[in-house]
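Reviewing the structure listed below.
These numbers come from the heavy atoms of this one structure, side chains and all, not from hydrogens, waters or symmetry mates.
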Amino acid sequence: MPQIDVQKQYLWFPVRQGGERKPLFIYDGDTRIFEFAVAPGNDAPDFYAALNINDWMGKTLALSGEFPDAFFENIRQEDQKPAGTSRRPRLHFAPEIGWMNDPNGLVYQDGEYHMCFQYNPFDTEWGNMTWGYAKSADLIHWQELDPVLYPDETGTMFSGCAYIDRENAAGFGKDARLYYYTAAGNNGEWSKGKPSTQHLAVTTDGGRTVEKKGMVLDTVERDNRDPKVYYHAPSKGYFMVLFLVDNDFAVFRSENLKDWSMTQRITLPGAAECPDLFELPVDGDQSNTKWIYWSADSCYYVGSFDGYTFTPEQEKRYAYCNKIAYAAQTVYGAPDRLITIPWLRTGQRELNGKKTTYHGLMGVPAVLSLTKDETGYRLRQNPVEELDRIITSSVERKNLLSGCEETVAAVEDAPFEIKASFPAGLTGTASIGFAEGLTATVDFAKGLFQLGKEEVPFGANKELDIRLIVDDDVIELFADNGALYTVCEHTANTLAGEIRVALEGDVKLDSITVCVFGNN
């Protein structure tokens, strides 16, 4: 077997995007420490994938796998990670290199936001599920760090959550950060034939080091996964929600965050995987709250929860208007607000004739709220206020009338936001054009908003507000005070251009504001 005397922090592996993957095993003596499926790039890689081997500094590691000699010969040792595609979205987190899906372990602690995510460091397609890791002081600028959980003999690292143990109930120390995750067995040679189980890992130094502590919940159903843990103060106990199979979920209870027993199995038609169960005040009234059971495709049920069982009180609803946003989770510990971050299931871009080294984005973090009207309870989501703090310039126009065709603002190559407000009772159309021919159209007669290929019904005869957040790769729409949300992909090579407005029929525009974002 090829051997490497570890002298630097990272191993760089040459990777071919879309190539045939083969298992690569890495050993410390007779102990297997890593297993990944890798498509070898040999001497002409599309990019290099990095693995932190600092814990084995000064040791000799052995590599095994059915790869050409050229693959092993082109593995490098470096003191830093390789750079990825130079142009990436600037408001939406994307890893430098690799595939990303579900957010995991979202938590606020000691003045910083921490985000783990489903990650394949060795390809820009799904596989090798690892927990990538990034942190931020403001939810907008993220620093990507090394992954915290790698596949092992129990399986690959599927989705989960983070919990701050302020009471030291688990015994690892006050304010220890607990990561609950699914060990997805049978996803490689190492875990062949093993089931899917729920595990615990712990960090007591703010995330710099993470130690796996083992299984805390055995298999209930074959593909059970995605644990989410909270404390329920009225019943003085901890609860976990877990996806089981099809549309079935479960609630578990614990007194010590390690031993769990099921208190409810519930079927929620339309809902599947990545559950969350959280409480929100109704219309801001802290004395009147409801619980929301949430799943990956934004299907949610509003009801009551006593710490043991959840009881739905209205039919399912969906928070998203299309299928691009997925698997959102809420941030544990964020003061005075409930923040949600979704994965955006975008396609892989090409820039200058080459595929990007990243695939997958996170949505702009948004604050969740719950309102009630004649139709029942409805979730709303609006971008976090931190976004406003990086505005470098803005232009506002008011009272634009029917027949208007004019340029509102000109934007350099930077991400920006368009805010527009329309009065009630309109029947005409409004078009807002920007960035290389992209156009958003509001058809009041049909009650339909159109952005690229995406269409969003908004209802007629009422005031309408829209917010378009325009970044590389994607545009996010928040409308009707956050009750409507959708995502549109785009492939514009530049965000520079004029913001143009055209109003037809009886349409009036109360106001339109263009805000440009910088890096401050």
* To do: May I have all residue pairs that pass side chain to side chain donor-acceptor pair (under 3.5 Å) and include part of residues 394-406, sequence neighbours excluded?
  => Arg397-Glu406
* ring pair (Phe, Tyr, Trp, His ring centres under 6.0 Å) between Tyr231 and Tyr163, intermediate numbers included -> CA-CA 9 Å; Tyr231 179 69; Tyr163 181 81; 7.6 Å; no
* To do: Could you label the plane-to-plane angle of the Trp126 and Phe158 rings as parallel, tilted or perpendicular, counting under 30° as parallel and over 60° as perpendicular?
  => perpendicular
* Asked: Under the 3.5 angstrom rule, does the side chain of Asp471 hit a backbone N or O of His92 as a donor-acceptor pair?
  -> yes
* **Between Arg253 and Tyr238: side-chain donor-acceptor atoms closer than 3.5 Å** => no
* **Row check, Phe249 ring normal vs Arg265 NZ/CZ: under 6.0 Å, within 45°** => no
* For residues Val474 and Ile469, determine if any side-chain heavy atom of one lies less than 4.5 Å from a side-chain heavy atom of the other. => no
* **Plane angle bin for Phe434 and Phe416 - parallel if under 30°, tilted between 30 and 60°, otherwise perpendicular** => perpendicular
* Asked: With no hydrogens and no angle check, is any side-chain donor or acceptor of Glu489 less than 3.5 Å from a backbone partner on Gly347?
  -> yes
* Asked: Within the side chain of Asn187, is there an N or O that forms a donor-acceptor pair under 3.5 Å with the backbone of Ala184?
  -> yes
* Keeping the roles fixed (side chain from Arg500, backbone from Val408), state whether a donor-acceptor pair exists under 3.5 Å. => no
* Asked: Which pair of non-hydrogen atoms, one from Glu476 and one from Val364, has the smallest distance, and what is that distance?
  -> OE2-N, 3.0 Å
* Asked: Can you list the residues that meet the salt bridge (Lys or Arg N to Asp or Glu O under 4.0 Å) rule with Asp472, with sequence neighbours excluded?
  -> Arg87, Arg90
* Go through the structure and list residues passing salt bridge (Lys or Arg N to Asp or Glu O under 4.0 Å) with Glu273, not counting sequence neighbours. => Arg225
* Side chain proximity check, Leu468 to Leu451, heavy atoms < 4.5 angstrom -> yes
* Structure fact -> When every non-hydrogen atom of Asp388 is compared with those of Arg467, the smallest separation belongs to OD1-NH2, 4.2 Å
* Asked: Is the number of heavy atoms from other residues, nucleotides or ligands within 6.0 Å of CG (Asp373) greater than 12?
  -> yes
* To do: Determine whether the aromatic ring centres of Trp99 and Tyr358 lie less than 6.0 Å apart.
  => no
* If you draw a 6.0 Å radius around CD in Glu412, do more than 12 non-hydrogen atoms from other residues or ligands fall strictly inside? -> no
* Asked: Phe310 and Tyr293: aromatic ring centres closer than 6.0 Å?
  -> yes
* Measure up the Trp291 and His232 rings against each other and bin them: parallel (under 30°), tilted (30 to 60°), perpendicular (over 60°). => tilted
* Check for a donor-acceptor pair, side chain of Asp443 on one end and backbone N or O of Lys446 on the other, with a separation under 3.5 Å. => yes
* **Side chain Asp306, main chain Thr309, donor-acceptor under 3.5 Å** => yes
* Asked: So, Asn322 versus Glu454: side-chain donor-acceptor pair below 3.5 Å or not?
  -> yes
* To do: Measure from the side-chain N and O atoms of Asp276 to the backbone N and O of Thr330, and report whether any donor-acceptor pair falls under 3.5 Å.
  => yes
* **Euclidean distance, Leu91 CG relative to Glu417 CD, rounded to 0.5 Å** => 9.5 Å
* Looking only at non-hydrogen atoms, find the nearest pair between Phe278 and Leu280 and report the distance. => CE1-CD1, 4.0 Å
* **Any Leu495 side-chain heavy atom under 4.5 Å of Val411 side chain** => no
* Polar side chain donor-acceptor pair, Ser287 to Asp285, under 3.5 angstrom -> yes
* Tyr119 ring center near Tyr133 ring center (under 6.0 Å) -> no
* So do Ile266 and Asp248 actually touch side chain to side chain, heavy atoms under 4.5 Å? -> no
* Asked: For the side chain of Thr263 and the backbone of Tyr308, is there at least one donor-acceptor N/O pair under 3.5 Å apart?
  -> yes
* **Atom of Ile341, atom of Gly363 and distance for their closest heavy-atom approach** => CG2-O, 3.9 Å
* Asked: Ring centres of Trp294 and Tyr320 under 6.0 Å apart?
  -> yes
* Within 45° of the axis and under 6.0 Å from the centre of the six-membered ring of Tyr326, does NZ or CZ of Arg345 qualify? -> yes
* Asked: Salt bridge between Arg21 and Asp123, side-chain N to carboxylate O under 4.0 Å?
  -> yes
* Asked: Between Asp473, Thr491, Thr85, Thr356, which is the residue that forms a side chain to side chain donor-acceptor pair (under 3.5 Å) with Arg349?
  -> Asp473
* Check whether any side-chain heavy atom of Val470 lies under 4.5 Å from a side-chain heavy atom of Pro415, and answer yes or no. => no
* To do: Supply the atom-to-atom distance Leu244 CG to Asp246 CG, rounded to the nearest 0.5 angstrom.
  => 10.0 Å
* **Neighbour count >12 (heavy atoms, 6.0 Å) for atom NZ, Lys290** => yes
* Asked: Should we count CZ of Arg337 as having more than 12 external heavy atoms under 6.0 Å?
  -> yes
* To do: Using the test salt bridge (Lys or Arg N to Asp or Glu O under 4.0 Å), find all partners of Arg88 that sit at least two apart in sequence or belong to another chain.
  => Glu96
* Just by distance, do the side chain of Thr130 and the backbone of Gly132 share a donor-acceptor pair under 3.5 Å? -> no
* To do: Looking only at non-hydrogen atoms, find the nearest pair between Phe478 and Asn382 and report the distance.
  => CD2-CA, 4.3 Å
* **Gap separating the CD1 atom of Ile391 from the CZ atom of Phe517, nearest 0.5 angstrom** => 5.0 Å
* Contacts of type side-chain hydrogen bond (donor to acceptor under 3.5 Å, both in side chains), residue Glu385, not counting sequence neighbours -> Arg389
* When you check the gap from the basic side-chain N to the acidic O, do Glu315 and Arg378 get nearer than 4.0 Å? -> no
* Under 3.5 Å: donor-acceptor pair, side chain of Asn224, backbone of Val220 -> yes
* Which pairs, with at least one residue in residues 448-471 and sequence neighbours excluded, count as a ring pair (Phe, Tyr, Trp, His ring centres under 6.0 Å)? -> Phe444-Phe458
